[in-house]
Amino acid sequence: MNDKNSIKVVDRNAIDGIISLLKSEGFITVGPTLRDKTIIYDEIENTSELPIGWTDEQEAGHYRIKRRNDEALFGYNVGPHSWKKYLFPPKLELFEANKNGKSFEIKTILTDTTKYAFIGVRSCELHAIQIQDKVFNNWQYKDPNYVSLRDRTFIIAVNCTQAGKTCFCASMDTGPRAKKGFDLSITEVINPNEHYFVVESGSDKGEDILSKVETNFATEEQIFKADAEIDSASRNMGRALITDGIKDLLMNNMEHPQWNDVAARCLTCANCTMVCPTCFCNNVEDVNDISGNHTERWRKWDSCFSLDFSKVAGGNFRTSPKARYRQWMTHKLASWIDQFGTSGCVGCGRCITWCPVGIDITKEVKAIQDNPVN
Amino acid sequence: MKNNKPKLAVFKLSSCDGCQLSILDAEDELLAVLGAVDIAYFPEASSRMLPGPYDIGLIEGSVTTPHDVELARQIRKDCKTLITIGACATAGGIQALRNWKDVKEFTKIVYAHPQYISTLDRSMPVASFIHVDFELRGCPVNKYQLIDVIVAYLNNKKPNISSHSVCMECKQKGNVCVMVAHGTPCLGPVTQTGCGSICPSYDRGCYGCFGPMDSPNTTSLARNIEARGETKYDIMLAFRGFNAYSEPFRKESEVYEK
């Protein structure tokens, strides 16, 4: 963390300056933008492509964009996309194989060396990226494509100054303030009289970029206002999840009647796992050409909600929707802790908002917490 | 020159020919298909019609007449591997809407001499009458899936045909959920993937052309769509599409018929 003396303040021009500097260094700049009445992540050229003056209204199974009464650049919460679509692409060719007589030759696909600059990464999302780091870049296993992309990525975090109705990062201790894992962090302050961005650098690379645009030292008042906005977001979380003793609670209640209750509502459509920024399950598929001489192996996002996912030789070990929902939630909130040392949930609320029938993970947990069987 | 290529045959029962056209529509892959198989019987495409037996048979269309039943049984005898293609062959098709009505009444209205019409009471999937090795869904079938299935059978491997929801592919494409973000009723969560999530990609709800996914919770989806303001009648109609007579869609539509 920076000490207060090194905290800078910039205007919108400087943000554009940062984006063009990153572009000149070969970064693909991606950030929030409006598409199909939704704030998604895509390539952006400058700040004019951000959802300026827009915000989102979120509830379980419900998302709508709304006009703000100002021209804020970052006045909204997270949408259906997450940064995993860049670091862990939904579809990726791993290698090709060609028949050569009775044997075959493998042609490896070069790892992706794209340099991404992520603009507008929220604190929950920084935590999600750090969780996926443990999955794809750990002491034992390294996904070369993930590592290649991740090492090159430049991250501009944005501190949330408002919380959505499905947000619960405060209770997961994953936000709303970005504390580490970024190159630059921004807090936007906007009111009828002023519009400025408090900026801190979190890496040498961030410091270097910041030194190349026009900045001023932030005054105590400017810092105070920015902090107050973040604190306000923290106090206004739409949801909360009590994590004390959650691992034992869930593991001791594997036959709780609530699992049947949620299974009656769950569509097993897998939307929650697709939008989850930490869900990492995938499948590999061999695609042949008609001659049978050429094969490509593709990796695709998969989900513990799909029936094929748990199909093994001899049968399927998770046929019921109950078993699949329970697997997802207990992995996310309980066995993830054993596997990776943290919860798999960062409190972003995407699984709640984007469930077509509005199943709410915080309510499902609370139902068991309020009335445990064991 | 002796021809050792596997013999492929394409048959049609009661249908619109759209799925057969998907084969001809696979322009880029068609030459490779012709290189790998001998198309021995495909009246839609060629007047050259060789007798069976065939290595791979594709059947389009549902069984709606006594003649269809006989034909299906003969096709089964003639084909080593038999694959049904499309919503008609796998679920009875759009013509299965008559399964809820009196067909004799229809024939009286439509035909001047209904006594010449010989038809079954219901339009049924081919697999209700004969053993089928693989059912490829869709109205029409997806040409890439069709090629994949043919390639799989030629190479003794499992086809890459997923049975999960449309939503998975929709999200992988980066589409915005039309149901959550726009309030548009969508059958995607209960429908099998394979079409490329075409309708949601163009801001429309899924029509369920690929039939029910492997564990469809139609009850929960229908209740939710109703809570979002759709009428019971429209929910009934939503499930009465090209796969109306597939069991999960049929049962749900009957719940909302009352």
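All values below come from the heavy atoms of this structure, side chains included, with hydrogens, waters and symmetry mates left out. Letters go in sequence order (proteins before strands), and every chain restarts at 1.
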Ring-ring centroid check Phe280(A) Phe88(A), cutoff 6.0 Å: no

Do you know which of Cys167(B), Ala181(B), Ser165(B) has the most heavy-atom pairs under 4.5 Å to chain A? Ala181(B)

Rounded at 0.5 Å granularity, tell me how far CG in Asp203(B) sits from OG1 in Thr184(B). 6.0 Å

Do you know which of Lys91(A), Lys85(A), Arg35(A) has the most heavy-atom pairs under 4.5 Å to chain B? Arg35(A)

Heavy-atom pairs under 4.5 Å with chain A are the metric here; pick the option from Lys158(B), Glu29(B), Lys157(B) that has the most. Lys157(B)

Part of Ala36(B) within contact of chain A (heavy atom distance under 4.5 Å): side chain

Pro216(B), Cys177(B), Pro189(B): which one forms the most heavy-atom pairs within less than 4.5 Å of chain A? Pro189(B)

With a 4.5 Å cut-off on heavy-atom pairs, point out which of Asp302(A), Asn271(A), Asp308(A) contacts chain B the most. Asn271(A)

Which of the residues Asp286(A), Thr319(A), Thr273(A), Asp56(A) is involved in the greatest number of heavy-atom pairs with chain B at under 4.5 angstrom? Asp286(A)

Would you say Arg324(A)'s side chain and Ser303(A)'s backbone share a donor-acceptor pair under 3.5 angstrom? no

Do you know which of Cys266(A), Ala263(A), Pro89(A) has the most heavy-atom pairs with chain B at a distance under 4.5 angstrom? Cys266(A)

Segment of Arg223(B) engaging chain A (4.5 angstrom heavy-atom cut-off): neither

Of Gly79(A), Ala264(A), Ser320(A), Gly358(A), the largest count of non-hydrogen pairs under 4.5 angstrom with chain B goes to Ala264(A)

Flag the pair Glu93(A) and Lys107(A) as a salt bridge only when some basic side-chain nitrogen lies within less than 4.0 angstrom of an acidic carboxylate oxygen. no

Donor-acceptor contact below 3.5 Å, side chain His81(A) vs main chain Gly174(B): yes

Hey, are Lys7(B) and Asp55(B) close enough for a salt bridge, meaning a charged N less than 4.0 Å from a carboxylate O? no

Determine whether a donor-acceptor pair (N or O, by modelled atom type, separation under 3.5 Å) exists between the side chain of Thr33(A) and the backbone of Asp42(A). no

Heavy-atom distance under 4.5 Å to chain A: side chain of Met213(B), backbone, both or neither? side chain

For Lys251(B), is there an ion pair with Glu247(B) - N to carboxylate O distance below 4.0 angstrom? yes

Checking Leu154(B) against chain A: side chain, backbone, both or neither under 4.5 Å from a heavy atom? side chain

Ile40(A) versus chain B, heavy atoms under 4.5 Å apart: side chain, backbone, both or neither? side chain

